[in-house]
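In what follows, a structure is listed as structure tokens, so that the remarks can point back to it.
The first residue in the sequence is number 1, and the count goes up from there.
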Amino acid sequence: MKYGLLVMGAPYSSASPHSALRFAHAIIARGHCLTGVFFYHDGVHNASTLMAPPQDELNLCQAWTELHQQHAVPLDVCIAAALRRGLMSESEAQRHGMQAFNVAPPFELTGLGQLLELQQRSDRFITFA
């Protein structure tokens with residue numbers, strides 16, 4: 001079975017990102033395929049490399065990165081929602097004349113077309129909001 005995930009909650013103010021991450025690990029452990037994760041609305045904050053949670057808390061940005069590294073799961077971030085909330089990749093920061101960026105690979109800023117493609121490639125599409 002192929003799963004796609006939509007994460008709409010901000011880290012540390014919503015349980016949805018952590019629930020989505022646990023669900024992702026569970027379906028992979030059961031032999032299913034995770035075709036991708038799309039971060040939308042406040043969920044784009046999961047891609048911020050500037051998160052510095054206390055040492056006894058899970059660093060969600062790092063945890064999503066590790067999921068990508070271990071299982072090659074695409075991590076797409078809505079570019080419009082990200083820019084609106086102050087998240088930029090290096091190329092977007094240059095394009096907008098900013099001196100810094102806070103979205104690094106493996107997160108990729110994409111459009112809503114990528115969300116539609118993820119839905120089409122997935123047998124099950126689960127939203128965490």
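- Considering only residues two or more places apart in sequence or on other chains, T49 meets the side-chain hydrogen bond (donor to acceptor under 3.5 Å, both in side chains) condition with none of them.
- Taking 4.5 Å as the limit, some side-chain heavy atom of M98 sits within range of a side-chain heavy atom of M88.
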Discussion item. Please determine whether side chain to side chain contact (heavy atoms under 4.5 Å, CB included) holds for the pair L83 and I79, giving the CA-CA distance in whole Å, both sets of side-chain angles, and the decisive distance to 0.1 Å.
Written reply: CA-CA 6 Å; L83 293 178; I79 189 169; 3.9 Å; yes
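- Within the model, atoms CZ of F101 and OG of S89 stand 8.5 Å from one another, a figure rounded to the nearest 0.5 Å.
- Residue L5 is grouped with residue L58 when hydrophobic side chains (ILVMFWY) are merged at heavy-atom distances under 4.5 angstrom, including chains of intermediate members.
- With hydrogens and angles disregarded, no donor-acceptor distance shorter than 3.5 Å links the side chain of H45 to the backbone of P11.
- In this structure, A63 and L21 approach most closely via the heavy-atom pair CB-CD2, 3.4 Å.
- For residues 89-107, the pairs satisfying salt bridge (Lys or Arg N to Asp or Glu O under 4.0 Å) are E92-R95, with sequence neighbours left out.
- In this structure P54 satisfies the side-chain contact (heavy atoms from CB on, under 4.5 Å) test together with D56, E57, sequence neighbours excluded.
- Listed by chain and residue number, R22 satisfy the side-chain hydrogen bond (donor to acceptor under 3.5 Å, both in side chains) test with H18 (two or more places apart in sequence, or in another chain).
- For the pair V77 and L87, the minimum side-chain heavy-atom distance is 4.5 Å or more.
- Applying the side chain to side chain donor-acceptor pair (under 3.5 Å) test to residues at least two apart or on different chains, the pairs with a partner in residues 104-124 are T35-S122.
- Scanning all heavy atoms of the two residues, the minimum distance from A100 to A93 falls at O-CB, 3.3 Å.
- In this structure a side-chain-to-backbone donor-acceptor pair under 3.5 Å is present from S16 to G9.
- Under the rule for a side-chain hydrogen bond (donor to acceptor under 3.5 Å, both in side chains), the partners of R85 that lie at least two apart in sequence or sit in another chain are D42.
- Every residue was checked against the ring-ring contact (aromatic ring centres under 6.0 Å, His included) condition with H41, not counting sequence neighbours, and none meets it.
- Aromatic ring centroids of W64 and F107 lie 6.0 Å or more apart.
- Interatomic distance, CG of L109 versus OG of S91, reported as 7.0 Å (0.5 Å rounding).
- Every residue was checked against the ring-ring contact (aromatic ring centres under 6.0 Å, His included) condition with Y12, not counting sequence neighbours, and none meets it.
- Identified under the salt bridge (Lys or Arg N to Asp or Glu O under 4.0 Å) test for residues 59-81, with sequence neighbours left out: none.
- Applying the side-chain hydrogen bond (donor to acceptor under 3.5 Å, both in side chains) test to S48 and every residue at least two apart in sequence or in another chain returns nothing.
- Between N46 atom CG and L75 atom CG the span is 10.0 Å, to the nearest 0.5 Å.
- Pairing each heavy atom of V44 with each of A81, the nearest pair is CG1-CB, 3.8 Å.
- Counting only residues at least two apart or on different chains, no salt bridge (Lys or Arg N to Asp or Glu O under 4.0 Å) pair has a member in residues 6-16.
- Side-chain heavy-atom separations under 4.5 angstrom define the hydrophobic clusters, and the remaining members of the one that includes L6 are M8, F38, Y40, L112, L115, L118, F125.
- The distance from atom NE2 of H25 to atom CG of L34, rounded to the nearest 0.5 Å, is 9.5 Å.
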